[in-house]
Amino acid sequence: MRNEQVPDRNIAMELVRTTEAAALAAARWMGRGDKNASDGAAVNAMRMMMDTVDMDGVVVIGEGEKDEAPMLFNGERVGSGHGPQVDVAVDPIDGTRLLSLGRPNALSVVAVAPRGTMFNPKDIFYMEKIAVGAAAKGKIDLSAPIAWNIEQVAKAKDLAVEEVTVVILDRDRNTEIVDQIRAAGARIRFITDGDVAGAVMAGLAGTGVDMLLGIGGSPEGVVAAVAMKCLEGDMQCRLWPRDDGDRKLAVERGLDVTRVLAIDDLVSSDDVFFAASGITTGDLLKGVEYVAGGATSESLVMRARSGTIRRIQTEHHWRKLEQISGTRYTN
């Protein structure tokens, strides 16, 4: 039996300060073509703010194993050390390439669940994914043909198949899936990076997206599963080894690459939290915008148990932020 300690308050309202900090730090690097510098700025800002949150957290989905590196690495303890024991998944910049090129849809993201309830894909970095909103919950099957899944979503949402819009990463590895979506008659919205945002758009009403399909990052899959729990949506994934080396590694790590992971396999608790802040303006959130003496940001904050979904618009004043945090946000 898992040792699950349920948080007794909405710590997502504290977590959003960590994504805001990361977004503010990263946005200074928009369009500068330096992915490492922007990622480092975001990680350092998030890490600093994360330690002010009242929780006893362990990073399950982070920057990977790093020896004594000042990063949010897998296994790192975060939070104040007081409060609920939780698993933490972080993506300081979901869409690092987008940010470096000055393109839309870069986000800063954090997800939290009770300790021991998040799936850890370990060193298998890709997953096949399908995600839908509440209307189609329980209607999808990753093992079934893509055309069947699209038909199920169309029926659940009272749409013609031709009206279903699927979001998918524009990658060569998804070419066959794209061909099957088009053969089924559905529409496609390509995204170049950042499929956490794509999954959330599939779960939220009014985005024009009905489902997410395709092969994307495993860490992002776990983060997206937390978001879909908050949205009462559904998601299934299956680890996708790139080659024989990945297949051998999966065996060594005790991972079954043939198993379809339901949303409860990806995150087994229903008391989960999700926060995201826009870095560059996109379909989901507005990005950081600079004004005299500060900046504005937009964030999405969700908790599954209470069903709350909040959009937060924040005005940040550099002088006060720097006094509080000791971090310099201006150049």
| field | From Q180 atom CD to I150 atom CD1, the distance as rounded to the nearest 0.5 Å | value |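 Here the rounded value is 8.5 Å.
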| field | Between NZ on residue K229 and CE on residue M302, distance to nearest 0.5 Å | value |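 Those atoms lie 13.5 Å apart.
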| Are S38 and I93 close enough that some pair of their side-chain heavy atoms sits under 4.5 Å apart? |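 The answer is yes; the side chains approach within 4.5 Å.
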Salt bridge check: are [X] and [Y] linked by an N-O gap of less than 4.0 Å?
X: R305; Y: D270; value: no
X: D210; Y: R187; value: no
X: K137; Y: D234; value: no

Would you be so kind as to tabulate the donor-acceptor pairs closer than 3.5 Å made by side chains of residues 190-199, with sequence neighbours excluded?
from	atom 1	to	atom 2	distance (Å)
D193	OD1	R171	NH2	3.0
D193	OD2	R97	NE	3.4
D193	OD2	R97	NH2	3.1
D195	OD1	K129	NZ	3.3
D195	OD2	K129	NZ	2.7

| V16, T19, V223 screened by side-chain contact (heavy atoms from CB on, under 4.5 Å) with F274, the one that passes |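 The residue from V16, T19, V223 that satisfies side-chain contact (heavy atoms from CB on, under 4.5 Å) with F274 turns out to be V223.
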| query | Could you give all pairs that pass the side-chain hydrogen bond (donor to acceptor under 3.5 Å, both in side chains) test and reach residues 236-252, with sequence neighbours left out? | reply |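 Every pair satisfying side-chain hydrogen bond (donor to acceptor under 3.5 Å, both in side chains) with a residue in residues 236-252: E128-R238, R242-D246, D244-R247.
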| task | Applying side chain to side chain contact (heavy atoms under 4.5 Å, CB included), name anything that partners A144, two or more places apart in sequence or on another chain. | result |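 Checked A144 against side chain to side chain contact (heavy atoms under 4.5 Å, CB included); matches are D141, W148, N149.
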Ignoring hydrogens, what is the shortest heavy-atom contact between [X] and [Y]? Give both atom names and the distance.
X: I61; Y: P219; result: CG2-CB, 3.3 Å
X: I168; Y: L213; result: CG1-O, 3.2 Å
X: K139; Y: A156; result: CG-CB, 4.4 Å

| Whether E163 side chain and A160 backbone form a donor-acceptor pair below 3.5 Å |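 Yes, E163 side chain to A160 backbone: donor-acceptor pair under 3.5 Å.
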